[in-house]
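All heavy atoms count here, side chains included; hydrogens, waters and symmetry mates do not. Labels below follow one simple rule: chain letters A, B, ... track the order of the sequence lines, proteins then strands, and each chain is numbered from 1.
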2 protein chains.
Amino acid sequence: MENEAEKEAGAEFQPLYAQVKALITKRIGAGEWKPGTMLPNEFQLAAAFNVSQGTVRKALMALEAERLIVRRQGRGTYVARHTSERTLFHFFRMVGMDDRPAEPISRALSQKTVTATREFAARLEVPRGTPLHCITRYRIMNGAPAIFERIYVPVRCMPDLAVEPGSEMLDEMYVIYQERFGTTIAHASERLASVAATDEVARQLGLAGGSPVLQIFRVARDVNRVAVELRISFCRTDLFRYAVELN
Amino acid sequence: MENEAEKEAGAEFQPLYAQVKALITKRIGAGEWKPGTMLPNEFQLAAAFNVSQGTVRKALMALEAERLIVRRQGRGTYVARHTSERTLFHFFRMVGMDDRPAEPISRALSQKTVTATREFAARLEVPRGTPLHCITRYRIMNGAPAIFERIYVPVRCMPDLAVEPGSEMLDEMYVIYQERFGTTIAHASERLASVAATDEVARQLGLAGGSPVLQIFRVARDVNRVAVELRISFCRTDLFRYAVELN
DNA sequence: GAGTGGTCTAGACCACGGT
DNA sequence: CCGTGGTCTAGACCACTCG
């Protein structure tokens with residue numbers, strides 16, 4: 001018997017459930033199944049891919065573990081939708097001294113277009129000189145500016161990305177990427193360092209020049225692991241901490 | 001039919017595979033199955049717990065995901081053994097500027113016994129005043145001191161824990177905990193901050209006083225989520241970065 | 001009550017590692 | 001060769017959600 005999965009996936013050996021998972025991921029990434037929509041049930045998917053329901057289940061459980069879909073007993077399987085809460089929970093690591101998650105308010109300072117330096121091009125895996133949106137903003141936690149950051153996104157990825165300087169940003173950037181451009185951020189890689197605040201950073205954060213601040217380099221990638229955003233953040237860590245759980 | 005799992009686990013509802021998983025975890029934690037030993041095969045476990053082989057498999061796969069066991073096709077299922085490599089890979093987050101994992105060498109400076117302050121007691125979830133081992137050491141990466149840290153462990157957890165001051169520590173602490181005391185570290189929670197180096201820290205790391213360094217508070221827990229170790233580290237981040245992957 | 005995902009079982013066959 | 005875990009299937013029953 002010839003499986004739909006085998007036909008589409010080619011010759012390299014992969015377990016059936018992995019092939020099914022890859023096919024579903026591709027359809028979600030391609031926008032055939034949009035965020036918030038319900039997927040066919042397990043038996044329908046099994047019939048469509050010509051595998052058994054148990055195999056589909058294994059693929060779906062793996063996709064749920066990667067937070068690409070959400071499954072609810074009695075309701076169905078849905079393509080995950082980025083909400084501000086979900087994004088904050090998964091991608092925002094700052095907590096208060098009491099270990100409760102901080103709730104940031106973001107305010108844009110400026111937006112312009114720049115060309116990728118050699119370093120930025122390497123990090124974003126685009127050619128040097130590629131046009132990038134550059135958004136400068138700060139984030140307020142518990143009433144005081146606590147993070148100052150610049151966000152770089154290839155213009156080609158999100159042509160008419162625009163934020164209102166001075167405005168409060170109601171949605172997280174990742175919600176905007178998903179809702180406006182269909183790009184779902186699924187992975188991010190961060191590199192942290194302790195540095196002395198430059199004059200600009202110190203001024204924005206209300207610190208003395210040279211104060212120690214936490215510098216975070218982040219590269220965010222979509223479902224297909226394509227680099228979509230580079231972000232450089234400077235955080236006060238006198239009132240907040242960066243939290244990591246190792247398992 | 002009455003299941004062994006149901007008998008042992010009591011009345012609160014848990015899926016069978018979760019009960020089986022808990023039972024296996026308990027046996028490993030209690031030392032009935034020691035690190036490095038092979039577990040019975042799936043069918044033997046299924047017979048012992050009076051469930052089907054598929055249910056045992058689900059429990060074992062969950063335990064493998066938590067790195068409590070290691071499964072090898074054709075060989076069997078083994079209780080995970082802490083090796084220096086595994087510990088470094090899972091619990092040591094520093095990487096070089098080229099993103100390659102740093103390979104630290106540890107050297108003990110001193111060991112003494114202290115009593116838990118209110119804060120330390122709270123973090124370790126022990127009564128205030130509890131005796132703690134306090135080990136001070138530094139770690140060398142690429143030839144230069146890069147981390148200075150103090151490690152606190154309740155004396156009751158590891159009565160005769162001892163390190164040779166001045167000696168190079170060949171094994172990671174977590175390997176020592178497991179091999180000498182049967183305590184497997186399974187989780188750790190870290191809080192990071194950027195701080196100015198105190199004179200002591202600056203001297204040990206060869207930095208100017210007040211240089212920005214990365215301060216890491218870590219609480220490590222065993223298989224049963226009991227807090228076993230508190231560690232405060234100060235890291236140079238001019239040549240190395242702290243790496244985080246968000247998924 | 002109809003439809004969904006969650007759990008559990010039973011059995012077949014395959015791939016791998018050692019004898 | 002045998003024993004192990006890995007994959008895949010098929011079907012039963014349960015728990016949850018909603019109309």
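- Put simply, CZ on A:Arg57 is 15 Å from P on D:dA10, counting in whole angstrom units.
- Atom CD1 in A:Ile69 sits roughly 14 Å away from atom C1' in C:dG6 (whole-Å rounding).
- Side-chain contact check for B:Ser189 and B:Arg191: at least one donor-acceptor pair (N or O, by modelled atom type) lies under 3.5 Å.
- A salt bridge is absent between A:Arg81 and A:Glu179; no separation between the charged side-chain nitrogens and carboxylate oxygens falls under 4.0 Å.
- A heavy atom lying under 4.0 Å from DNA chain D marks the following residues of residues 39-47 of chain B, by number: B:Asn41, B:Glu42.
- Take A:Thr83 and apply the side-chain hydrogen bond (donor to acceptor under 3.5 Å, both in side chains) test, not counting sequence neighbours, and it matches A:Glu85.
- If you check C:dT9, C:dC8, C:dG6 against the side chain of B:Pro15, the one that comes closest is C:dC8.
- The distance between atom CG of B:Asn50 and atom C1' of C:dC8, rounded to the nearest whole Å, is 13 Å.
- Looking at B:Arg241 and B:Asp99, no side-chain N of the basic residue comes within less than 4.0 Å of a carboxylate O on the acidic one, giving no salt bridge.
- Between A:Arg218 and A:Glu149 there is no salt bridge, since none of the side-chain N atoms of the basic residue sits less than 4.0 Å from a carboxylate O of the acidic one.
- Between D:dT7 and A:Thr55, no contact under 4.0 Å exists linking OP1 or OP2 to a side-chain N or O.
- Comment: A:Glu245 does not engage B:Arg225 in a salt bridge, judged by the lack of any side-chain N to carboxylate O separation of less than 4.0 angstrom.
- Between the side chains of A:Tyr242 and B:Glu190, no donor-acceptor pair of N or O atoms lies under 3.5 Å.
- Judged purely by distance below 3.5 Å, without hydrogens or angles, the side chains of B:Thr55 and B:Arg57 never pair a donor atom with an acceptor atom.
- In this entry the distance linking CD of A:Gln19 with P of D:dT7 reads 12 Å, nearest Å.
- Taking atom CD on B:Gln53 and atom C1' on C:dT7, their separation rounds to 15 Å, with Å as the unit.
- Look at B:Tyr17 and you won't find any side-chain N or O under 4.0 angstrom from OP1 or OP2 of C:dC8.
- In this structure, B:Glu42 pairs ionically with B:Arg71, as a charged nitrogen and a carboxylate oxygen lie closer than 4.0 Å.
- Near DNA chain D, defined here as any heavy-atom distance below 4.0 Å, the residues from residues 70-79 of chain A are A:Gln73, A:Gly74, A:Arg75, listed numerically.
- What separates CG of A:Leu16 from P of D:dC8 is a distance of 4 Å, to the nearest Å.
- Between B:Lys58 and C:dT7 there is a side-chain polar atom (N or O) within less than 4.0 angstrom of OP1 or OP2.
- The interatomic distance linking A:Met61 (CE) with C:dG5 (C1') rounds to 11 Å, in whole Å.
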